[in-house]
Structures are given as C-alpha cells and as structure tokens.
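This is a predicted model, so every value here is computed, not measured.
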There are 2 protein chains.
Amino acid sequence: MAKVDPSLVADLPLFAGFGTEELGDILREARPARFAKNSAIFDEGQDAHSFFVLLHGHVRATKTTPGGEQIVVRYVAPGETFGVAMAIGLPRYPATATAVEDSVVLAWPSSTWPRLVAKFPALATNTLQTIGSRLQETHTRVVEMSTQQVEQRVAHALLRLAGQSGRQVEHGVEIDFPISRQDIAQMTGTTLHTVSRILSSWERSGLIAGGRQRIVLREPHKLLVLAEAASGEDGPPDRA
Amino acid sequence: MAKVDPSLVADLPLFAGFGTEELGDILREARPARFAKNSAIFDEGQDAHSFFVLLHGHVRATKTTPGGEQIVVRYVAPGETFGVAMAIGLPRYPATATAVEDSVVLAWPSSTWPRLVAKFPALATNTLQTIGSRLQETHTRVVEMSTQQVEQRVAHALLRLAGQSGRQVEHGVEIDFPISRQDIAQMTGTTLHTVSRILSSWERSGLIAGGRQRIVLREPHKLLVLAEAASGEDGPPDRA
DNA sequence: GCGGAAGTTTGCGCTGGCGCAACACCGGCG
DNA sequence: CGCCGGTGTTGCGCCAGCGCAAACTTCCGC
C-alpha cells in the first residue's frame with residue numbers, strides 16, 4: 001500500500017488547520033494514482049466514485065452541451081481539489097476531467113467523505129470556502145461574458161491562466177501546460193478562429209509569443225490594460 | 001424581542017436534519033426584518049455584517065462591472081439563503097441585494113456563523129450543498145451563454161424563473177414578482193431592446209402574455225422546445 | 001525519414017443582435 | 001385630472017465575430 005507523506009500536502013487549503021496526526025488519518029484513506037496525458041480521470045454523468053487532490057500536472061474540466069459542443073469549465077492546478085461532486089450533494093460528476101499532461105492525484109472514495117467530515121468538521125468549512133471562491137470566479141466569468149468583447153475576454157482568460165499556472169521564463173510568463181486555441185475558445189465562449197486571429201494580432205505586436213499549444217505572455221501589463229479597456233473608451237461615462 | 005416560530009422554517013434546506021430544539025437555538029440568534037420594495041438589503045463591497053434567509057417576497061442579487069453596467073446574478077425566492085459571504089470566507093458582499101417587492105427576512109449577524117457551525121456542523125454541510133447547486137446553476141449559465149443564441153437564453157431564463165417562482169394562473173404560469181425587460185436582459189447577457197423584440201414576437205404568437213413588469217407563460221412547453229432547439233437544427237448531427 | 005493527423009493561420013462573405021433614436025404607454029403623484 | 005418619469009416598443013443601419021473553406025506547420029508514429 002502506497003503511503004503519502006503528510007508534509008507534502010499539509011499546506012493545501014483543503015487541509016488548513018489540521019495537525020500532522022489528523023492529516024495522517026485523512027491521508028490513510030487516500031490512494032495516489034497516475035493519469036497519462038489526455039486520459040480521462042472521470043466522465044460527466046458518471047457515478048461520482050471519488051474525489052481528488054491534484055498533486056502534479058494539470059487537469060481540464062469540461063461540460064458537454066446537449067448539442068454536443070464542449071466548453072471548458074476550469075483548469076485544475078496542483079494543490080487544488082476536484083471531483084467533489086459528492087460533497088455538494090451530487091451523485092454524479094457534473095463535468096468531465098481530463099489530464100492535459102501526465103498528472104498525479106490523490107483519490108478518496110466518495111464514500112469516505114461523510115465519515116471524514118463527521119470526524120473533521122473543518123473539512124466541510126474548508127471545502128465551503130473553496131467552492132465559494134469557485135462560485136465567485138464563475139460569476140466573474142458570467143459578468144465578463146455579458147459585458148465584454150471577445151478580445152477582452154481572451155485577455156482576461158490568459159491573465160488568469162498565467163496567474164494560476166504561469167511559469168517565469170526568459171522573456172515573460174509562460175502558461176505551464178499545453179493549451180490549444182480551441183481550449184481558449186471554449187473558455188471564453190468564442191471560436192477557434194477568432195482566438196487564432198486575436199492571438200496572431202497580439203503576437204505581431206509583441207504582446208505574446210506562442211507556438212503549438214504554448215503561450216508566453218511577454219507584456220502582461222499591456223495585456224491587462226487591454227483587458228480592462230472598455231470597447232468605446234474615450235472618457236469615463238457618467239453612470240447613474 | 002421578536003421570536004420566530006421554528007415550524008415556519010423547519011423544512012428549509014439550510015435546516016435539514018435539525019430538531020425543533022436545535023432549531024430554536026439557532027433561531028434565537030436571528031432577528032426578522034422587513035424591506036420595502038426597491039430598497040437595498042446590502043450593497044456590493046460592503047462589510048458582510050449578516051447573512052439571511054428570505055421568508056417572504058423576492059430579492060434580486062446584482063453585480064456591477066468596473067464600467068458601471070449591472071448584471072443580475074440571481075433572484076432569491078422565499079426559503080432560500082443569501083448573503084452568506086462570511087460562510088464562504090469573504091469579508092465583503094460580492095453583490096448587491098435589493099428587495100424587488102416588500103420582503104421579510106431573517107438575519108443573523110455574520111459573527112454568529114463560526115459559533116453556529118461549531119455547534120451544528122450540519123449547517124456547514126447543508127450550506128455546502130446549497131452553494132454547490134448554485135455553482136452548478138452558474139456553470140449552466142456559462143454554458144448557455146457560450147453556446148446558445150439570445151432567443152434560447154431568454155427562453156431558458158423565463159422557464160427557470162417560472163420554475164422557481166411561478167404562480168399558476170388562469171391561462172398559464174405567471175412569474176410571481178415584478179420583473180422588467182431590462183432585468184431579463186441583465187440575466188441573459190443581452191440588451192433591453194433585444195429582449196423586448198423577442199418577447200413581443202412571442203406575445204404575437206401567443207407563447208406568452210405580458211404587461212408592465214409582468215410575464216405570463218401561456219405555452220411553457222412550446223417555450224421549452226424553443227429553448228432546446230439548436231439554431232440551425234435540421235437533423236441530429238453526428239458528433240464524435 | 002516519411003506520411004498523416006492534429007493544430008494553426010488566414011481570407012471572405014454574411015448575419016444576429018447591438019446602438020441609436022424616436023415614440024407609445026402606463027401609473028402614480030401633485 | 002393632467003403631468004411626468006419609468007417602462008416598453010419598434011425602425012434602421014452597422015459591425016464584431018461567426019461559419020465556411022483552404023492552405024500551412026508541427027509533431028508523432030511507423
């Protein structure tokens with residue numbers, strides 16, 4: 001039976017406020033697992049058998065519309081929890097989770113959740129905070145999609161990805177996992193083509209650099225300006 | 001000091017699994033309050049001093065963009081909780097809450113939350129489920145905004161409102177609180193004008209009936225068909 | 001090293017729905 | 001009872017961004 005070193009996960013938000021001993025109790029119930037790049041960790045609609053903490057790699061969560069289109073719900077970075085359907089009262093996963101690069105997770109059978117929560121109530125409050133901030137982020141996304149142009153939404157998306165999973169490189173910040181134009185389109189509610197056009201234009205003006213499934217932000221600050229700029233900005237409107 | 005009859009709130013999701021006695025303990029900390037139509041219950045950015053359960057009336061939650069535009073986050077129906085910022089770790093309200101009609105709430109000072117949760121852990125898990133389903137709904141909204149036409153989004157919005165706060169009337173289901181075209185526009189990420197055009201057209205074809213701040217769904221089923229229909233539908237595409 | 005698949009770029013024409021503007025309507029208040 | 005402000009309707013022109021189509025590039029497996 002594989003063991004997990006408590007010190008590796010002690011400072012994750014999920015485990016805030018736990019001592020080494022309690023942590024050991026919790027980790028004893030988990031088992032580590034590896035997922036190869038592009039493999040599915042679970043599928044939308046499937047029985048929510050486990051919940052996870054991502055230790056290494058990156059995971060993409062997607063939802064599929066009745067019409068068959070996919071949209072990207074979020075990217076999971078190391079240290080984050082995902083697949084907590086059971087905790088929020090869902091018997092089935094509401095989205096599909098796919099490893100976008102080779103990834104390592106800790107998995108707890110969902111059936112352990114009630115027992116763990118009963119024993120460690122702080123798990124519930126920690127999860128509440130996590131879900132709460134995800135709700136906030138999702139609301140922000142709704143607001144953006146309601147009020148901003150595609151170009152601004154793409155800028156925001158890149159900045160958010162860089163903030164969450166950016167790696168400092170020679171001439172800027174690189175998004176630290178493979179991500180296609182299509183993915184960005186599915187995050188921002190637009191099409192592959194439009195994203196490609198926008199990124200090309202930014203690349204021409206030196207704002208970013210890219211490659212196949214790679215994006216480097218060269219001028220994050222300028223991108224931020226672009227993201228905040230109202231389309232027809234020519235002075236602060238006097239809103240009532 | 002006003003008292004609250006436990007039997008009035010015993011079957012709210014927030015209090016699922018509580019006995020009359022425990023309920024009394026919790027309710028002792030709350031005080032009821034009335035808010036007149038169009039008055040603010042709290043404002044975005046303000047200190048999250050209290051959290052609430054809506055007993056009567058309807059409340060609209062809105063967010064304001066940096067540019068000054070408003071979008072409607074949700075409508076709160078009787079029995080639902082709102083303003084739970086503190087529970088999800090936010091010191092300030094992330095949105096503005098306005099009574100859209102004369103409303104009665106129960107208010108707990110946010111400072112009581114940690115104590116209540118410590119004493120009654122089920123409060124945390126109940127809230128987790130509530131927030132979880134709100135996260136789901138918000139994701140659904142993102143998906144809709146990403147993939148559907150305005151007309152379909154408006155149809156969905158009306159159906160959701162009817163489901164949540166519909167009142168059976170003579171010739172259909174009426175949305176049971178005052179709601180303007182502008183509000184619907186702010187829920188669906190479009191403009192007042194487009195909503196007006198769509199509703200007019202639906203009214204002409206008998207799908208709905210309306211009036212100032214009133215909407216009656218006459219043919220919910222047809223509306224549902226409209227909501228689900230893909231724009232260029234001419235046969236089920238064979239999606240991989 | 002050679003194909004083929006996946007990812008990306010780019011041109012072009014079209015249209016959904018936005019922005020503007022003017023008007024009609026309703027209801028409440030003085 | 002007449003005015004006035006909030007609400008709703010409608011016409012018109014325009015353009016951001018989509019859909020389609022075709023070519024190109026990079027990576028990977030054989």
Side-chain angles (χ1 to χ4, degrees), chain A residues 36-38 60 67 69-72 98 100-102 144-155 175 177-186 188-205 208-216 226 229-234 237 240, chain B residues 36-38 67 69-71 98 100 144-155 175 177-186 188-205 208-216 226 229-234 237 240:
Chain A
K37 179 172 175 170
N38 292 328
R60 181 185 53 217
E69 297 162 284
Q70 290 208 333
I71 78 121
V72 174
T98 310
V100 294
E101 50 182 2
D102 289 353
E144 282 178 11
M145 295 192 60
S146 297
T147 62
Q148 302 191 317
Q149 313 263 108
V150 169
E151 191 174 29
Q152 296 165 34
R153 301 206 302 264
V154 173
I175 293 172
F177 55 86
I179 184 166
S180 70
R181 318 292 185 210
Q182 175 78 64
D183 292 326
I184 294 171
Q186 290 174 349
T188 52
T190 181
T191 64
L192 156 74
H193 308 279
T194 299
V195 170
S196 179
R197 276 182 252 270
I198 290 173
L199 295 196
S200 295
S201 128
W202 287 348
E203 188 150 15
R204 269 191 291 279
S205 46
I208 65 169
R212 193 191 181 75
Q213 315 225 89
R214 279 182 64 251
I215 298 174
V216 180
L226 222 168
S231 49
E233 187 126 44
D234 54 3
Chain B
K37 179 170 175 170
N38 293 328
E69 298 161 283
Q70 290 208 332
I71 78 122
T98 310
V100 294
E144 282 177 11
M145 295 192 59
S146 296
T147 61
Q148 301 191 318
Q149 311 264 108
V150 169
E151 190 173 29
Q152 295 166 35
R153 302 207 300 266
V154 172
I175 293 171
F177 54 85
I179 184 166
S180 69
R181 321 286 158 167
Q182 175 77 61
D183 293 325
I184 294 172
Q186 290 174 349
T188 51
T190 181
T191 63
L192 155 76
H193 308 279
T194 301
V195 171
S196 180
R197 277 181 252 270
I198 290 172
L199 296 196
S200 295
S201 128
W202 286 349
E203 188 149 16
R204 269 191 291 279
S205 45
I208 65 169
R212 192 189 182 74
Q213 316 227 85
R214 280 183 62 251
I215 299 174
V216 180
L226 222 168
S231 49
E233 185 125 46
D234 56 1

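- Comparing Leu192(A) and Gln148(B), the nucleotide of DNA chain C nearest to each residue sits closer to the 5' end for Leu192(A).
- Along DNA chain D, the nucleotide nearest to Thr194(B) and the one nearest to Val150(A) differ in position, and the one closer to the 5' end is contacted by Thr194(B).
- Atom pair Leu199(A):CG and dT9(C):P shows a separation of 7 Å (rounding to whole Å applied).
- By the 4.5 Å heavy-atom criterion applied to side chains, Val154(B) and Leu199(B) are counted as neighbours.
- Separating the CZ atom of Arg214(A) from the C1' atom of dT25(D) is a distance of 15 Å, rounded to the nearest angstrom.
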Next on the checklist: If you apply the rule side-chain contact (heavy atoms from CB on, under 4.5 Å), what do you find for Ile198(B) with Arg181(B), and how did you get there?
Outcome noted: CA-CA 10 Å; Ile198(B) 290 172; Arg181(B) 321 286 158 167; over 6 Å; no
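- Atoms CZ (Arg153(B)) and C1' (dG16(C)) sit 11 Å apart, rounded to a whole Å.
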Next on the checklist: side-chain contact (heavy atoms from CB on, under 4.5 Å), that's the test. Do Ile179(B) and Val100(B) meet it? Break it down for me.
Outcome noted: CA-CA 8 Å; Ile179(B) 184 166; Val100(B) 294; over 6 Å; no
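- Residue-level contact check: Gln213(A) touches the backbone only, with heavy atoms under 4.0 Å from sugar-phosphate atoms and none from bases.
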Checklist entry - When every nucleotide of nucleotides 20-30 of chain C is labelled 5' to 3' by its protein contacts under 4.0 Å (heavy atoms), B for base, S for sugar-phosphate only, - for none, what sequence of letters results? => result BB----BS---
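- The CZ-C1' distance, from Arg181(A) to dC24(D), rounds to 14 Å in whole Å.
- Looking only at distances, a side-chain donor or acceptor of Glu203(A) sits under 3.5 Å from a matching main-chain atom of Gly210(A).
- You'll find the side chain of Gln152(A) stays beyond 4.5 Å of the side chain of Glu144(A), heavy atoms only.
- Side-chain contact check for Ile184(B) versus Ile215(B): some heavy-atom pair is nearer than 4.5 Å.
- When heavy atoms are screened at a 4.0 angstrom cut-off, Ser196(B) is found touching base atoms of the nucleic acid.
- Between Met145(A) atom CE and dA16(D) atom P the separation is 19 Å, expressed in whole Å.
- At least one donor-acceptor pair under 3.5 Å links the side chain of Asp102(A) to the backbone N or O of Lys37(A).
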Item to check | Thr188(A) and Val150(A): CA distance, side-chain angles, deciding distance, side-chain contact (heavy atoms from CB on, under 4.5 Å) verdict | outcome: CA-CA 7 Å; Thr188(A) 52; Val150(A) 169; 5.5 Å; no
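- Considering only heavy atoms from C-beta on, Glu101(A) comes within 4.5 Å of Pro178(A) through its side chain.
- Proximity of Ser200(A) to the phosphate of dT8(C): no side-chain N or O atom is located under 4.0 Å from OP1 or OP2.
- Among the nucleotides dC18(D), dG16(C), dT9(D), the one closest to the side chain of Glu203(B) is dT9(D).
- When the C1' atoms of four end pairs are superposed on the next four at each end of the helix from dG1(C)-dC30(D) to dG30(C)-dC1(D), using five pairs per end, the two resulting axes differ in direction by 40°, to 10°.
- With rounding to whole Å, Glu151(A) atom CD is found 16 Å from dC18(D) atom C1'.
- Side-chain nitrogen and oxygen atoms of Ser180(A) include none within less than 4.0 Å of the OP1 or OP2 phosphate oxygen of dG7(C).
- Atom C1' of nucleotide dT9(C) and atom CD of Gln182(A) are separated by 14 Å, given to the nearest angstrom.
- Dashed line: the shortest gap from a side-chain N or O of Thr190(A) to OP1 or OP2 of dG17(D) is not under 4.0 Å.
- Rounding to whole angstrom units, CD of residue Gln186(B) and P of dG8(D) are separated by 12 Å.
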Next on the checklist: Using side-chain contact (heavy atoms from CB on, under 4.5 Å), reason through Arg197(B) and Ser200(B) one step at a time and then give a plain yes or no.
Outcome noted: CA-CA 5 Å; Arg197(B) 277 181 252 270; Ser200(B) 295; 5.8 Å; no
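- Among the protein residues, Arg204(A) comes within range of the sugar-phosphate backbone only, with heavy atoms under 4.0 Å from sugar or phosphate atoms but none that close to a base.
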